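Following: one structure in structure tokens, then a few remarks.
The first residue in the sequence is number 1, and the count goes up from there. Worth saying up front: this structure is predicted, and the values here are computed from it rather than measured. The analysis underlying the following values was restricted to heavy atoms, covering all of them including side chains, and did not include hydrogens, waters or symmetry mates.
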Amino acid sequence: MIRLLVLDVDGTMTDGGVYYDATGNEMKKFAIKDGAGLVLARTAGIRVMICTGRQSEAVRRRAADLKITDVYQNVGQKAAFLQAFMAENGYTRAQTAYCGDDLNDLAAMALCGFVACPADAAEEVKARADYICPQRGGEGAVRGAVEKILRSDGRWNDAVKKAFGAAL
């Protein structure tokens, strides 16, 4: 059963674009549907981690909005970082899922028991993925991955009921 979900940001939680306003502030577009999916993940007992190779105030703010406390930015070697995190926190391969979209995610994905990617991920990532979300990055792919995980192990209906008060 998945207990830890690791998320890449650019191209996974976002459309991969980096936007700058007139004063040089960086902006990113995040999907609200992904936020609902992450609420469901937490409700089902899944710890959510953001692990990204870039540093961005927009990521920090989105994580705060979603109440994600495991936010790691400027991670150059995602696999080494994730391996240490899993060992330190007692997560096994079978308990860990990863959702990412590009080549820099492949080594970390190899440590995980379940791998998902957006529909527009790199071909090498799609070949490694256990599940290719029908959504593109930044358009609900994270929600798609969460739904696949929770439906696969029977936690979906209970999570929806607990999180949103909706009986399915």
Give a yes or no on whether M49 and V59 share a hydrophobic cluster (residues Ile, Leu, Val, Met, Phe, Trp, Tyr; joining criterion: side-chain heavy atoms under 4.5 Å apart).
no
Quick check: closest heavy atoms across A145 and C133, and the distance to 0.1 Å?
N-SG, 3.6 Å
Rounded distance (nearest 0.5 Å) linking atom CE of M109 with atom CG of L103
9.5 Å
Check whether any side-chain N or O of R47 sits under 3.5 Å from a backbone N or O of L4 as a donor-acceptor pair, and report yes or no.
no
Kindly indicate whether the side chain of L7, heavy atoms from C-beta on, has any atom under 4.5 Å from the side chain of Y98.
no
Considering all heavy atoms, the nearest A79-L111 contact
O-CD1, 3.3 Å
Exercise: identify the closest heavy-atom pair between L66 and R42:
O-NH1, 2.7 Å
Verify salt bridge (Lys or Arg N to Asp or Glu O under 4.0 Å) between E26 and R54, making sure each step is shown before the conclusion.
CA-CA 12 Å; E26 181 178 293; R54 297 187 70 244; 2.9 Å; yes
With hydrophobic residues grouped by side-chain heavy-atom distances under 4.5 Å, do V6 and M13 end up in a single group?
no
Donor-acceptor contact present, side-chain K126 to main-chain I132, <3.5 Å:
no
Expected output: side-chain D8 to main-chain C99 donor-acceptor under 3.5 Å
no
Verify, without hydrogens or angle tests, whether E88 (side chain) and F85 (backbone) share a donor-acceptor contact under 3.5 angstrom.
no
Counting only heavy atoms not in Q77, do more than 12 sit closer than 6.0 Å to its CD atom?
no
Is there a path from Y131 to I149 through hydrophobic residues (I, L, V, M, F, W, Y) whose side chains come within less than 4.5 Å of each other?
yes
Do you know which two heavy atoms are closest between A31 and R62, and how far apart they sit?
O-NH2, 3.4 Å
Please give me the minimum heavy-atom distance between A94 and I2, naming the atom from each residue.
O-CD1, 3.5 Å
4.5 Å side-chain heavy-atom contact, R60 and V71:
no
Considering only heavy atoms from C-beta outward, does the side chain of M27 approach that of D21 to under 4.5 Å?
yes
Apply side chain to side chain contact (heavy atoms under 4.5 Å, CB included) to F164 and V39, showing your working.
CA-CA 9 Å; F164 303 120; V39 167; 4.1 Å; yes
Applying side-chain hydrogen bond (donor to acceptor under 3.5 Å, both in side chains), can you list everything that pairs with R61, at least two apart in sequence or on another chain?
none
Kindly indicate, with the supporting measurements, whether the criterion side chain to side chain contact (heavy atoms under 4.5 Å, CB included) is fulfilled by K78 and N104.
CA-CA 8 Å; K78 290 183 180 183; N104 64 330; 3.8 Å; yes
Residues D15, K28: salt bridge by 4.0 Å N-O rule
no
Shared hydrophobic cluster for V9 and F81 (ILVMFWY, side-chain gaps under 4.5 Å):
no
When you compare the side chain of I46 with that of R155, does any pair of heavy atoms fall below 4.5 Å?
yes
Is there a side-chain contact between E139 and D120 (heavy atoms, below 4.5 Å)?
no
Carefully, step by step, assess V146 and R143 under the rule side chain to side chain contact (heavy atoms under 4.5 Å, CB included).
CA-CA 5 Å; V146 169; R143 157 68 186 272; 5.6 Å; no
Contacts satisfying salt bridge (Lys or Arg N to Asp or Glu O under 4.0 Å) that involve residues 159-168 (not counting sequence neighbours) are D158-K162
Is atom CD of Q73 surrounded by more than 12 heavy atoms (other residues, nucleotides or ligands) closer than 6.0 Å?
yes
Scanning both residues in full, the closest heavy-atom pair of P118 with G100 reads CD-O, 3.4 Å
Student check: side-chain heavy atoms of I68 and L38 closer than 4.5 Å:
yes
Are R128 and D105 ion-paired here, with the side-chain N under 4.0 Å from a carboxylate O?
no
Strictly distance-based, threshold 3.5 Å: is any side-chain N or O of R136 a donor or acceptor partner for the main-chain N or O of T12?
no
Is the backbone N or O of V142 less than 3.5 Å from a side-chain atom of D34, with the two atoms forming a donor-acceptor pair by type?
yes
Just do the side chain to side chain contact (heavy atoms under 4.5 Å, CB included) check on R3 and Y91 with the steps written out, would you?
CA-CA 8 Å; R3 294 181 44 228; Y91 291 106; 3.7 Å; yes
Just wondering, do W156 and L40 contact through their side chains at under 4.5 Å, heavy atoms?
yes
Quick check: do I50 and Y72 have side-chain heavy atoms less than 4.5 Å from each other?
no
Verify same cluster id: L150, V48 (apolar side-chain graph, 4.5 Å):
yes
